[in-house]
Amino acid sequence: MVKVAILGASGGVGQPLSLLLKLSPYVSELALYDIRAAEGIGKDLSHINTNSDCVGYDKDSIESTLANAQVVLIPAGVPRKPGLTRDDLFKMNAGIVKSLVTAVGNFAPNARVLVISNPVNSLVPIAVETLKRMGKFKPGNVMGVTNLDLVRAETFLVDYLMLKDPKIGQQEDKTIMHRKVTVIGGHSGETIIPIITDKSLVFQLEKQYEQFIHRVQFGGDEIVKAKQGAGSATLSMAFAGAKFAEEILRSFHNEKPETESLTAFVYLPGLKNGKKAQDLIRDNSIEYFSLPIVLKNGSITSIDTSILERLSPREEQLVDTAVKELRKNIEKGKSFILNSSKL
Ligand code: NAD
């Protein structure tokens, strides 16, 4: 029996994410929290005839929301608008995540915390430093959700193969492309590093390989532009977030993961193989990176570094570029907590 809480459940991401998790057989109780409208959304979803209970809580009921929660997803915060980068969101979303993670530390200290709010590269360090300060930090329990980058990479890779040669493209199945591509690094622009693990496809893409990389890195901008001021990815994010959460939930039930290389943005120094990852990234000061994770009972037990051992020269270049930007993003999040006087 697993209780899942969604903080920010009334938003563009939160609502479809809540719906998808209401449909999940792995959830026994779904607790929805927001500063507005979550009670109504909870009531609405509670009429769906799946076996989980679903309750929406008002803004003063964070303690009841989190009581006994084993998985907490956080899509609370302001989304990107035209002209706003993910990093611009920092000031607005840093305080929100800090206060929500403080509540998690108080009322659900053993929960797995899945940070969706942006900028992930800075907000995961905020979550980690907040929990560290409270003496409640467990490195295997805090994850930045970067799965949308993988979902996009799987889609775009087939799209480009189709463009190049429909005969090759038609042989591929978008739903199982995680066998041929993954994404590591961070979750904004050039920190996003798509890795085509089936190198024959790099060869087939030829010049479109660079276009593919760019589209995965900046795919979020397409949505921000197309929505014309109404926000960023919501439905595709909800899909990616629900898929990621389901992998965590499957591991509670000792089921094998569906995705071969499930990745998350994690705190390297606290995890098995974290030091090895830093060595392979060739930067021992980099504390966070998105990499394939190994799960047990919903927590990360180790990082799989094998992908870093077989990077092509172009991929190594992408890692070096990503690390420069990531270091700044991480520092920004850390210092937000370290320079604040009290929680
Ligand atoms: P939204 O504005 O539609 O929804 C945000 C929700 O958060 C609102 O319902 C708001 O009331 C709520 N909220 C604000 N402060 C809160 C608090 N203190 N406690 C609880 N709830 C609070 O935004 P959205 O489009 O749903 O996006 C949400 C976040 O997810 C943004 O930061 C966005 O950038 C991020 N996002 C991340 C990814 C990713 O790949 N990780 C993808 C898309 C969006």
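Remember, it's 1-based here, ligands and their atoms both numbered in the order they're listed.
- Taking only nitrogen or oxygen atoms, main chain and side chain alike, V13 reaches within less than 3.5 Å of ligand 1.
- Residue contacts with ligand 1 for V78 involve N, CA, C or O but no side-chain atom from C-beta outward (heavy atoms, distance under 4.0 Å).
- Counting heavy atoms under 4.0 Å from ligand 1, residue D149 does not touch it at all.
- Close N/O approach between H187 and ligand 1 is found [any backbone or side-chain N/O within under 3.5 Å].
- Considering backbone and side-chain N/O of S232, none are found under 3.5 Å from N/O of ligand 1.
- When each atom of ligand 1 is checked for a heavy atom of L89 under 4.0 Å away, the hits are 34 (O).
- With respect to E190 and K324, no salt bridge is recorded, no charged nitrogen being found less than 4.0 Å from a carboxylate O.
- Of the possible polar contacts, one joining the Q217 side chain to the I192 backbone as a donor-acceptor pair under 3.5 Å is found.
- At a heavy-atom distance under 4.0 Å, only side-chain atoms of L100, from C-beta outward, approach ligand 1.
- Atom CD of E63 is surrounded by 12 or fewer heavy atoms from other residues, nucleotides or ligands within 6.0 Å.
- Between the side chains of N110 and K138, a donor-acceptor pair is found at a separation under 3.5 Å.
- Scanning all heavy atoms of the two residues, the minimum distance from G231 to P79 falls at CA-CG, 4.4 Å.
- The number of heavy atoms from other shown groups lying within 6.0 Å of NZ (K3) is above 12.
- Residue contacts with ligand 1, taken as heavy atom pairs separated by less than 4.0 Å, involve P79 via backbone and side-chain atoms alike.
- With contacts defined as side-chain heavy-atom distances shorter than 4.5 Å, the pair V97/T130 does not qualify.
- An N or O contact shorter than 3.5 Å links D34 to ligand 1 by distance.
- Between R36 and ligand 1, at least one pair of N/O atoms sits closer than 3.5 Å.
- The N/O atoms of I116, backbone and side chain alike, include one that comes under 3.5 Å of an N/O atom in ligand 1.
- Of all atoms in ligand 1, numbered sequentially from 1 with element shown, those under 4.0 Å from a heavy atom of G8 are 7 (O), 21 (N).
- Considering backbone and side-chain atoms alike, V145 places an N or O below 3.5 Å from some N or O of ligand 1.
- Against a heavy-atom cut-off of under 4.0 Å, A233 is close to the following atoms of ligand 1: 43 (C), 44 (C).
- For the pair M237 and ligand 1, the shortest N or O to N or O distance does not fall below 3.5 Å.
- Nearest to atom 18 (N) of ligand 1 by heavy atom, out of T146, I96, V151, is I96.
- Taking the six-membered ring where the residue is Trp, the centroids of Y288 and Y267 are separated by under 6.0 Å.
- Across K275, K276, R282, a single residue satisfies salt bridge (charged side-chain N to carboxylate O under 4.0 Å, His left out) together with D279, and that is K275.
- For L7, no heavy-atom contact with ligand 1 is shorter than 4.0 Å.
- T263 places no side-chain N or O within 3.5 Å of a backbone atom of I184 that could act as its donor or acceptor partner.
- Listed by atom number, the atoms of ligand 1 under 4.0 Å from V120 heavy atoms are 41 (N).
- With sequence neighbours excluded, no residue forms a ring-ring contact (aromatic ring centres under 6.0 Å, His included) with F244.
- Within the 4.5 Å cutoff, side-chain heavy atoms of M143 are placed close to those of I300.
- For ligand 1, the atoms sitting less than 4.0 Å from at least one non-hydrogen atom of N93 are 32 (O), numbered in the order shown with element in parentheses.
- Taking only non-hydrogen atoms, the option from S10, P16, G77 nearest to atom 5 (C) of ligand 1 is G77.
- Ligand 1 has P75 within reach: a non-hydrogen atom of the residue lies less than 4.0 Å from it.
- Contact check for T65 versus V55: no side-chain heavy atoms found under the 4.5 Å cut-off.
- The side chain of T234, and not its backbone, has at least one atom closer than 4.0 Å to an atom of ligand 1 (non-hydrogen atoms only; side chain from C-beta on).
- Counting atoms of ligand 1 from 1 in the listed order, those under 4.0 Å from a heavy atom of Y33 are 19 (N), 20 (C).
- For T50, the side chain to side chain contact (heavy atoms under 4.5 Å, CB included) partners are K22, L23, I48, S52, not counting sequence neighbours.
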